[in-house]
Amino acid sequence: AAKETGRNNVQCYSARLHQHSQERANLAVQLRHALANGQLSLYYQAKLSIDEGRVVGVEALMRWHHPELGEISPAQFIPIAEDNGMIVPLGEWALETALQQLSEWDALGLPPLHMAVNLSARQFNSPDLRKQIKSALTNSGIAAHRLELEITESLVVQNPDTSIALMKKIQGMGVRFALDDFGTGYSSLGQLRHYPIDTLKIDRAFVRDLAISREDQAISKAIISMGKTLGLTVVAEGVENVDQLNFLRSYQCDHTQGFYCHRPAPAGQFVSWYRQHLSMQHSPCSE
Ligand code: C2E
Ligand code: MG
Ligand code: MG
Ligand code: MG
């Protein structure tokens, strides 16, 4: 009977696996049309200075509104887009759209913000990247220093010399780089000083249990002090409550990004929130 059950489990597992890869294949096909069909949009999440609660910038986050399946998480569709190469046109669209949005906010007279856009390895290795960045900057009229590209450690580690050389060229245009999800990858602290980056983003895995885990406190403290020693701006991701915020503030972390202060929102909602935030003095993240 045990054997039977075992075989059933295997059959069940492989059926699920098949179903899973079938779903993935379907999504991959649909993703090819999602952009043209207007199913993609960008949400924006604020980054705030931890000491004053000033909004310093936003991160653009892609959203896919599927007509039948509803909202599909980028954690699900970005890897698919990376596999089938769709991330290159999608990423170009995100870059263009985010910078256009920023110039619209400037035109509204809002205090100038920085725009962070995520870049995946496939985009980074595309020969058109520099051209795409240049044209997005030119088309929007946004100064290069206001654009920050978020990349992950794994991207750099795959091919350190080539990646660093390309990053330096892009940095030469004035664009900044942030290392996203820091602490989860493979680069040693020693390697970090060779990376031409301006910002370090502490992964939210270390922030989550900050109030109860001494280990996570020690890791966060170490990342912040090392980042600051290297002259980097340090951002904590995934800050969901005031306890986490207070810990990070006491460790002199520079910026905070997370649901506690602001949840990613469509452009219009972000503007309303931003205006309201501007009208409230001395309120890091008032509820
Ligand atoms: P990421 O770049 O690390 O973005 C931060 C993620 O954390 C976002 O998830 C954001 O919604 C979420 N987050 C922010 N604050 C909190 C918090 O307080 N608690 C929790 N639990 N989560 C928080 P999202 O929007 O689902 O994006 C997931 C990932 O998908 C991103 O991680 C990024 O790697 C990728 N992604 C999103 N948009 C793009 C894009 O335009 N291009 C590329 N290449 N990747 C993208
Ligand atoms: Mg990011
Ligand atoms: Mg991140
Ligand atoms: Mg991430």
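All figures in this text were calculated on a predicted structure; none of them were measured in a lab. In listed order, ligands and their atoms are each counted from 1.
Ring pair W273/F270 is tilted by interplanar angle, where 30° to 60° counts as tilted.
If you number the atoms of ligand 1 from 1 as listed, the ones under 4.0 Å from a heavy atom of E240 come out as 17 (C), 18 (O), 19 (N), 20 (C), 21 (N). Counting the atoms of ligand 1 from 1 in the order shown, those under 4.0 Å from a heavy atom of P264 are 11 (O). For ligand 1, the atoms closer than 4.0 angstrom to any heavy atom of S120 are 44 (N). Proximity to E237 (heavy-atom distance under 4.0 Å) selects the following atoms of ligand 1: 3 (O). Atoms of ligand 1 found under 4.0 Å from any heavy atom of M62, numbered from 1 in the order shown, are 37 (C), 38 (N), 40 (C), 41 (O). Of all atoms in ligand 1, listed by their number and element, those nearer than 4.0 Å to a heavy atom of Q45 are 14 (C), 15 (N). Applying the 4.0 Å criterion to heavy atoms of D180 picks out, from ligand 1, the atoms 1 (P), 2 (O), 3 (O).
Among the backbone and side-chain atoms of D203, none of the N, O or S atoms lies under 2.8 Å from the Mg ion (ligand 3). For the Mg ion (ligand 3), the N/O/S atoms of D180 include one lying under 2.8 Å.
Applying the salt bridge (Lys or Arg N to Asp or Glu O under 4.0 Å) test between E237 and each of R204, K201, R208 identifies K201 as the sole match. F182 pairs with exactly one of I223, I202, D203 by the side-chain contact (heavy atoms from CB on, under 4.5 Å) rule, that one being I223.
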Assess the residue pair I151 and M167 against the criterion (side-chain contact (heavy atoms from CB on, under 4.5 Å)); give the C-alpha distance rounded to whole Å, side-chain angles, the decisive distance to 0.1 Å, and a yes or no. CA-CA 10 Å; I151 58 170; M167 286 168 77; 3.6 Å; yes

Test side-chain contact (heavy atoms from CB on, under 4.5 Å) on V88 and R122 and set out the steps. CA-CA 7 Å; V88 176; R122 188 90 180 237; 4.1 Å; yes

Mind running side-chain contact (heavy atoms from CB on, under 4.5 Å) on R275 and L108 for me, showing each step along the way? CA-CA 11 Å; R275 285 208 163 108; L108 291 176; 4.1 Å; yes

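Nearest to atom 31 (C) of ligand 1 by heavy atom, out of V207, D203, L61, is L61. Of the candidates K201, R63, Q76, Q123, it is Q123 that places a heavy atom closest to atom 44 (N) of ligand 1. Taking only non-hydrogen atoms, the option from Y260, W64, F259 nearest to atom 18 (O) of ligand 1 is F259.
With contacts defined as side-chain heavy-atom distances shorter than 4.5 Å, the pair D106/I142 qualifies. Two residues are said to be in side-chain contact when any heavy atoms from C-beta on lie closer than 4.5 Å; I133 and L147 meet this criterion. Proximity of L192 to L200: side-chain heavy atoms (C-beta onward) are separated by under 4.5 Å at one or more points. Taking the side chain as every heavy atom from C-beta outward, M86 and P89 approach each other to under 4.5 Å.
At a 4.0 Å heavy-atom cut-off, ligand 1 touches N118 through backbone and side chain alike. The part of D181 lying near ligand 1 is the side chain, judged by heavy-atom distances below 4.0 Å.
Heavy atoms only, all atoms of each residue included: L27 and W64 are closest at O-CH2, 3.6 Å.
Of all the N, O or S atoms in E150, the one closest to the Mg ion (ligand 2) is OE1. Nearest N, O or S atom of E59 to the Mg ion (ligand 2): atom OE2.
Angle OE1 (E237) to the Mg ion (ligand 3) to OD1 (D181): 80°, rounded to 10°.
At least one heavy atom of E59 lies less than 4.0 angstrom from ligand 1. Using a 4.0 Å heavy-atom cutoff, G238 is listed among the residues neighbouring ligand 1.
The neighbour count for K221 NZ, taken as heavy atoms of other residues, nucleotides or ligands under 6.0 Å away, does not exceed 12.
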